[in-house]
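All figures in this text were calculated on a predicted structure; none of them were measured in a lab. Both backbone and side-chain heavy atoms feed into the values below; hydrogens, waters and symmetry mates do not. To find a chain, count down the sequence lines: A is the first, B the second, and so on, and within it residues start at 1.
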Number of protein chains: 2
Amino acid sequence: MPTLQDVAREAGVSKMTVSNVLNGHRDRVSPATIARVMEVVGRLGYVPNATARSLSARRSNLVALAFPGRDAGGIEPLMNPHDSLFLGEVEAHVTQAGLYLMAHSVNSVESTANSLRSWNVDGAIFLGTRADEVAALHRAYEAPMVFIDNHGTSPQISNVGIEDRLGGSLAGRRLVEAGHRRIGFVGPAFDEPGVVRERHAGFVQALAEAGLELRPEHVVRCNASFDAAVDAARQVLAAPDRPTAVFATADIIAAGLLKGFVRAGFPVPDQMSIIGFDDLEVARHVTPEITTLRQDIPGKARAAVEVLLAQLAQWPTVRSERRVLGVTLVERGSVGPPPAIPIN
Amino acid sequence: MPTLQDVAREAGVSKMTVSNVLNGHRDRVSPATIARVMEVVGRLGYVPNATARSLSARRSNLVALAFPGRDAGGIEPLMNPHDSLFLGEVEAHVTQAGLYLMAHSVNSVESTANSLRSWNVDGAIFLGTRADEVAALHRAYEAPMVFIDNHGTSPQISNVGIEDRLGGSLAGRRLVEAGHRRIGFVGPAFDEPGVVRERHAGFVQALAEAGLELRPEHVVRCNASFDAAVDAARQVLAAPDRPTAVFATADIIAAGLLKGFVRAGFPVPDQMSIIGFDDLEVARHVTPEITTLRQDIPGKARAAVEVLLAQLAQWPTVRSERRVLGVTLVERGSVGPPPAIPIN
DNA sequence: CTGAAAGCGCTTACAG
DNA sequence: CTGAAAGCGCTTACAG
């Protein structure tokens with residue numbers, strides 16, 4: 001494996017001239033020398049050693065994407081289409097920018113911070129971290145960091161997210177508009193700040209504007225998993241004063257509910273309406289297809305990388321940036337009017 | 001950020017003693033010294049610099065997972081649940097082993113090889129590479145490499161895959177057993193060696209054993225995308241001597257076909273039977289749920305990392321290893337007998 | 001426009 | 001059991 005030294009010798013110049021050529025400081029080198037060096041680089045198949053470069057330049061060209069690990073209590077890491085799609089997009093943009101992506105599941109803030117420090121990563125993007133973890137991370141490692149979908153963090157924290165609250169309220173309005181008066185909510189816990197809490201808040205607000213309230217017995221806890229949602233359908237149906245429509249905070253939940261309702265003899269949307277969130281592929285796989293709030297995941301990934309690159313360029317002058325992407329209602333087939341003749 | 005030097009000074013020992021303690025060469029150090037060093041490490045919050053370590057040790061602790069990029073002509077990178085699930089599992093095992101994962105989309109073999117060389121990665125796992133790329137990769141970079149789902153590569157190439165041919169033949173047999181005589185095949189191109197070709201071969205063989213043949217007009221090309229499969233359904237229905245059942249080489253295709261068939265007025269399984277492959281979540285999302293050939297993706301990821309670690313341990317004595325995981329038929333609701341009263 | 005020197009933070013023989 | 005020295009392959013001021 002040829003080194004800088006080899007190239008320099010072969011081209012009859014010093015190592016640092018080669019370095020200058022390779023790093024684009026070409027104003028410091030004569031065109032003839034550049035040509036000679038490039039020829040040798042090509043002939044020898046020279047590839048710079050990234051670890052050596054990182055060590056001496058104190059810049060690694062490494063970006064980490066951190067996502068919730070197994071210990072985070074959720075489903076398997078990256079089982080979630082949102083996270084995997086996001087990762088794929090981030091990788092593409094990071095590569096595009098000439099950087100490298102380290103994929104890292106976070107099981108503990110400490111070990112994650114240590115990995116970042118150890119590799120001296122230039123920056124990191126975090127999926128699914130809580131507000132307290134955000135703070136700890138910033139304390140443990142000084143580098144540009146962009147968080148995704150965080151709510152309730154200080155404005156000094158760079159964040160890319162979507163209009164979760166608006167999404168929730170659009171969902172609520174859509175169901176109200178369809179004529180529903182008893183509307184349920186199905187989603188994960190929302191006692192901590194986060195997307196679910198925001199969506200819930202927007203939803204409650206929309207109901208309130210219509211003079212309706214979200215009754216506690218119409219709120220069903222359910223993780224973002226299909227099977228959990230199939231079960232949750234039973235709880236919805238068993239609730240006193242059964243709702244005629246539900247807002248699910250994720251399409252995968254909506255899809256599970258759909259199966260659960262139909263299985264229990266409640267066709268959708270004839271006997272039960274459902275509105276989802278995300279507009280993942282699953283929303284179109286099922287029949288009827290799910291009416292949902294669309295978010296732009298590739299756009300979010302692009303924004304996250306943009307914000308990170310901007311911070312890298314400014315570093316160490318941190319100027320935090322918060323970006324909020326829109327959501328739009330996608331009409332499909334899972335919302336209808338309340339049943340004229342309810343079952344039961 | 002404290003360095004080895006700082007720890008050494010503080011503990012009153014040499015750098016290399018600290019290094020020995022940290023790298024587990026503890027037999028070379030007295031218990032008392034170990035304790036003192038560890039105390040200082042903890043107190044200072046020392047984290048070894050991975051790039052420095054890589055540079056001097058000529059071992060990076062970095063493993064790359066390469067997956068098809070945008071230019072590979074498929075869908076968006078990692079949109080595919082198989083790849084993203086696999087990635088998540090690999091990350092977990094790699095981390096478990098104290099290594100780090102670099103995620104890398106491959107758009108060209110050259111640039112991928114350069115990245116591997118540049119970072120001096122200890123090994124790599126490759127998803128979705130063709131036989132010719134495999135060879136080029138091995139030529140371009142000397143390190144343990146494990147390929148996934150390759151067929152037709154030489155035995156010196158380490159590979160982890162599944163019984164694709166058996167899967168195809170189980171699919172064929174199942175449909176024959178259900179009484180079908182006109183059976184179609186829907187999947188991507190299979191002119192090159194690969195999983196699709198194997199599944200096709202097994203399928204054809206199963207039909208042959210039943211005295212049936214796969215008629216060319218009953219073979220429909222279709223990429224592994226839901227929308228493409230919805231379209232493909234029309235082609236299946238329009239074929240002369242319309243089949244009463246189809247084998248789809250991927251669940252996502254099966255799901256699309258299901259939607260296409262139902263939309264066209266052909267209920268599944270009453271008028272049309274479908275059998276899929278993979279047993280991804282989508283197979284259970286739809287109604288009826290899809291009968292499919294299950295493969296163990298987490299198991300494949302585990303095996304891939306195992307094989308890679310084994311080679312790392314032996315390196316540079318390469319002993320290639322090929323692992324083939326089983327497939328099993330999962331009965332669900334998309335296969336029935338041929339229609340007693342066919343439509344049309 | 002070009003180069004000699006120092007240094008990034010580690011590990012690796014080697015010596016004692 | 002412990003350490004001094006050399007070196008991994010680069011980049012960074014600095015000097016000319």
Nucleotide nearest [X] when distance is taken to its side chain, options [options]:
{"X": "B/Thr33", "options": "D/dC1, C/dT11, C/dC1", "value": "D/dC1"}
{"X": "A/Leu4", "options": "D/dT11, C/dG3, C/dG9", "value": "D/dT11"}
{"X": "B/Val13", "options": "C/dC8, C/dC10, D/dG3", "value": "D/dG3"}
{"X": "A/Thr3", "options": "C/dC10, D/dC10, C/dG3", "value": "D/dC10"}
{"X": "B/Leu55", "options": "D/dG9, D/dT11, C/dG3", "value": "D/dG9"}
{"X": "A/Asn23", "options": "D/dG9, D/dG3, D/dT11", "value": "D/dT11"}

- Query: By ring pair (Phe, Tyr, Trp, His ring centres under 6.0 Å), which residues pair with A/Phe147, not counting sequence neighbours?
  - Reply: A/Phe126, A/His138
- Query: Taking for each residue the nucleotide of DNA chain D with the nearest heavy atom, is it B/Arg58 or B/Ile34 whose nucleotide lies nearer the 5' end?
  - Reply: B/Ile34
- Message: Nearest heavy atom decides the nucleotide; on that basis, is B/Gly12 or B/Ala57 closer to the 5' end of DNA chain D?
- Response: B/Gly12
- Rounded distance [0.5 Å steps], CG in B/Leu101 versus NE2 in A/His104: 10.0 Å
- Message: I'd like to know whether CD of B/Glu142 has more than 12 heavy-atom contacts from other residues, nucleotides or ligands below 6.0 angstrom.
- Response: no
Do any N or O atoms of the protein come closer than 3.5 Å to N or O atoms of nucleotides 13-15 of chain C, and which pairs are they?
none

- Should D/dA13 form a Watson-Crick or G-U wobble pair with both distances under 3.5 Å, which nucleotide is its partner? none
- Message: For C/dA4, give the paired nucleotide (Watson-Crick: N1-N3 plus N6-O4 or O6-N4; G-U: N1-O2 and O6-N3; both under 3.5 Å), or none.
- Response: none
[atom1] of [X] versus [atom2] of [N]: gap in Å, rounded?
{"X": "B/Asn120", "N": "D/dC8", "atom1": "CG", "atom2": "P", "result": "14 Å"}
{"X": "A/Leu44", "N": "D/dG9", "atom1": "CG", "atom2": "P", "result": "14 Å"}
{"X": "B/Gln5", "N": "C/dG9", "atom1": "CD", "atom2": "P", "result": "10 Å"}
{"X": "A/Asn49", "N": "C/dC8", "atom1": "CG", "atom2": "C1'", "result": "13 Å"}
{"X": "B/Leu22", "N": "C/dC10", "atom1": "CG", "atom2": "C1'", "result": "11 Å"}
{"X": "A/Asn20", "N": "C/dG3", "atom1": "CG", "atom2": "P", "result": "10 Å"}
{"X": "B/Arg59", "N": "C/dT12", "atom1": "CZ", "atom2": "C1'", "result": "15 Å"}
{"X": "B/Arg53", "N": "D/dC10", "atom1": "CZ", "atom2": "P", "result": "21 Å"}

Identify the two heavy atoms, one from [X] and one from [Y], that lie closest to each other, and give their separation to 0.1 Å.
{"X": "A/Val134", "Y": "A/Asn150", "value": "CG2-ND2, 3.6 Å"}
{"X": "A/Pro2", "Y": "A/Tyr46", "value": "O-CD1, 3.4 Å"}
{"X": "B/Gln311", "Y": "B/Glu321", "value": "NE2-N, 4.0 Å"}

- Message: With nearest nucleotide decided by heavy atoms, which residue, B/Thr51 or A/Lys15, maps closer to the 5′ end of DNA chain C?
- Response: A/Lys15
- Item | Residue among A/Val305, A/Leu65, A/Leu62 satisfying side-chain contact (heavy atoms from CB on, under 4.5 Å) with A/Val94 | A/Val305
- Message: With a cut-off of less than 4.0 Å, is there a side-chain N or O of B/Ser19 near OP1 or OP2 of C/dT11?
- Response: yes
- Query: Is the distance from OP1 or OP2 of D/dG3 to the nearest side-chain N or O of B/Thr17 less than 4.0 Å?
  - Reply: yes
- Query: Just by modelled atom types, is the B/Arg322 backbone N or O under 3.5 Å from a matching donor or acceptor in the B/Asn159 side chain?
  - Reply: no
- Query: Is the base of C/dC1 touched by the side chain of A/Ser30 through a donor-acceptor pair closer than 3.5 angstrom?
  - Reply: no
